[in-house]
Amino acid sequence: MSAGNDLHADIISRALTSFPEQTSYVEYENLASLRRLRVYDRLEQRFAGKPLQEARIALGQLGIREDQVIEMVAASDPTGFYGIVTGTFSEQSLKRNGISQGSAMPALGSRLFCPGSGPCVLFLEDSVAAFGSLTQLAEIAQGHDGSTTRLSSNRTVVSLLNSTDSQAPVRGVLIGGQLEIAISDVLRNWTGWNSGWSQLCGNVRNAGYSVKFDYTAHVAATLECRSAMSATLLLQMFRLLGTVPSVSIPGGDAGAGIPFRNLHASSAGSTIVVKADTRY
């Protein structure tokens, strides 16, 4: 499957052909679009979070303002967060302004900038930059140059990204340990439920999702479960969640409010598709 042919956002294709194969979390954010929302500060923490903070530090030390960043693909592996950004900034303007390159990784040449103690920045093209540690950027450079196995070889990640809404300002994929962390955060922050949901959601292997915004957030997710049986059980729980406004669950918050509206879920084999509206 060709990542470039199937994905509409060019920065996503760049990420798939640059990020290392072991990447376990990928999230595209159209930051220019999100900034137009009055709740951008809250969305920034919910979605971009730690990767955006690291990008902001690295780019800011180079004199690149956050409003110059149009799109970002954030990612992580067991070593930490990294990503790729595009925008109205320019590597050439940095050089004209006398911003010095980093010397800690000569193999990356003049494309590398290490402005301080935080993340470094590696320009893949004039207005396309990766951020992360020196080790992460070396791996991204190898992927970009085609000298190592890329994330685009992971058919599960590519397929899940292709299943998301290409017009959504937020699109992503979670696999493995990152998925477990995300599910745990949702359960703790939104529902107060733990035991029953945690056990069932532990049967989800991979997830792809997209989010659109107007007066509310419209979430669509594809969940790949470990078996058709676990998908059936989880589907029943989603349908309960969509019909009961509040419940008391042993071990959870009594009367915890359900944060979803217009929740619809369906399944085919071991795959569940969920759509719902939720508060920001």
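Everything quoted here is computed from the prediction, not taken from an experiment. Values below: all heavy atoms of this structure, side chains included; hydrogens, waters and symmetry mates excluded.
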Any non-hydrogen side-chain atom of [X] less than 4.5 Å from a side-chain atom of [Y]?
{"X": "Leu160", "Y": "Tyr209", "answer": "no"}
{"X": "Gln136", "Y": "Asp77", "answer": "yes"}
{"X": "Leu161", "Y": "Leu16", "answer": "yes"}
{"X": "Ser127", "Y": "Thr86", "answer": "no"}
{"X": "Ile84", "Y": "Ser18", "answer": "yes"}
{"X": "Phe89", "Y": "Phe123", "answer": "yes"}

Not counting sequence neighbours, which residues clear salt bridge (charged side-chain N to carboxylate O under 4.0 Å, His left out) with Asp126? List them please.
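For Asp126 there are no salt bridge (charged side-chain N to carboxylate O under 4.0 Å, His left out) partners, ignoring immediate neighbours.
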
For [X], which residues count as a side-chain contact (heavy atoms from CB on, under 4.5 Å) partner, sequence neighbours excluded?
{"X": "Thr88", "value": "Gln68, Ile70"}
{"X": "Ser266", "value": "Val273"}
{"X": "Thr148", "value": "Gln142"}
{"X": "Ala276", "value": "Phe260, Leu263"}

Restricting to non-hydrogen atoms, name the atom on Leu151 and the atom on Glu21 that form the minimum distance, rounded to 0.1 Å.
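So the two residues come closest at CD1-O, 3.9 Å.
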
Could you grab the distance from atom [atom1] of [X] to atom [atom2] of [Y], nearest 0.5 Å is fine?
{"X": "Arg205", "Y": "Leu223", "atom1": "CZ", "atom2": "CG", "answer": "11.5 Å"}
{"X": "Asn203", "Y": "Glu224", "atom1": "CG", "atom2": "CD", "answer": "14.0 Å"}
{"X": "Leu37", "Y": "Asp214", "atom1": "CG", "atom2": "CG", "answer": "9.0 Å"}

Mind checking what makes ring pair (Phe, Tyr, Trp, His ring centres under 6.0 Å) contact with Tyr82, not counting sequence neighbours?
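By the ring pair (Phe, Tyr, Trp, His ring centres under 6.0 Å) rule, Tyr82 matches Phe19.
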
Are Ser227 and Ser230 close enough that a side-chain donor and a side-chain acceptor fall under 3.5 Å?
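Side chains of Ser227 and Ser230: pair found under 3.5 Å.
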
Lys/Arg N to Asp/Glu carboxylate O, Glu29 vs Arg171, below 4.0 Å:
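A salt bridge is absent here (no side-chain N lies under 4.0 Å from a carboxylate O).
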
Going by an N to O cut-off under 4.0 Å, is there a salt bridge joining Asp165 and Lys212?
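Salt bridge: yes.
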
